[in-house]
Amino acid sequence: MAKTLKRAAAFSALTKALVSGARGGPSLSKRVAAIPRMLKATAGGKYDGGMRLALMTAATVYVVSPIDFVPEAFLLVLGLADDAVMVAWLAGAVLAETERFLEWERQQDRIVVV
């Protein structure tokens, strides 16, 4: 039960971070819609986000995984702190990478192939 509550709090924090975003930056809906395109462009070798996406995937798996490197049952606060750090990093990484990808897409639209 505590594990479920921890995950719910982590995803709530991630959602709040994504919604708040940078002032004047892309909206949450634009960022969410960009994720599948970003994955496709990376898989196709057009976009250079492979390592960053791999790190974000690893962070997501770590937060969602029932097995932690620092277990909450034994270290209480430290066990929750490692997940909080991962969620904070993940939120920032998603914000930065989606904004970077959307800017990359805008640049691609300006390139004229003759």
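Note that the coordinates shown come from a computational prediction; the quantities given were computed from them, not determined experimentally.
- What you find for Pro26 and Arg31 is that their closest heavy atoms are O-NE, 3.2 Å.
- For Val85, there are no side-chain contact (heavy atoms from CB on, under 4.5 Å) partners two or more places apart in sequence or in a different chain.
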Could you list the donor-acceptor pairs under 3.5 angstrom formed by side chains in residues 49-58, with sequence neighbours left out?
{"unit_1": "Arg52", "atom_1": "NE", "unit_2": "Glu97", "atom_2": "OE1", "d": "2.7"}
{"unit_1": "Arg52", "atom_1": "NE", "unit_2": "Glu97", "atom_2": "OE2", "d": "3.2"}
{"unit_1": "Arg52", "atom_1": "NH2", "unit_2": "Asp48", "atom_2": "O", "d": "3.0"}
{"unit_1": "Arg52", "atom_1": "NH2", "unit_2": "Asp48", "atom_2": "OD1", "d": "3.2"}
{"unit_1": "Thr57", "atom_1": "OG1", "unit_2": "Leu53", "atom_2": "O", "d": "2.8"}

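- Sorted by first and then second residue, the pairs that involve residues 35-44 and meet salt bridge (charged side-chain N to carboxylate O under 4.0 Å, His left out), not counting sequence neighbours, are Arg37-Glu105.
- Leu39 and Leu102 end up in different hydrophobic clusters when Ile, Leu, Val, Met, Phe, Trp and Tyr side chains are linked at under 4.5 Å.
- Trp104 meets the ring-ring contact (aromatic ring centres under 6.0 Å, His included) test with Tyr47, Phe101; sequence neighbours excluded.
- The distance from atom OG1 of Thr98 to atom NZ of Lys30, rounded to the nearest 0.5 Å, is 12.0 Å.
- Sorted by first and then second residue, the salt bridge (charged side-chain N to carboxylate O under 4.0 Å, His left out) pairs involving residues 85-95 (not counting sequence neighbours) form an empty list.
- Scored by the side-chain hydrogen bond (donor to acceptor under 3.5 Å, both in side chains) test, Glu103 finds Arg106, Gln107 as partners (sequence neighbours excluded).
- Val63 approaches Asp83 most closely through the heavy-atom pair CG2-O, 4.3 Å.
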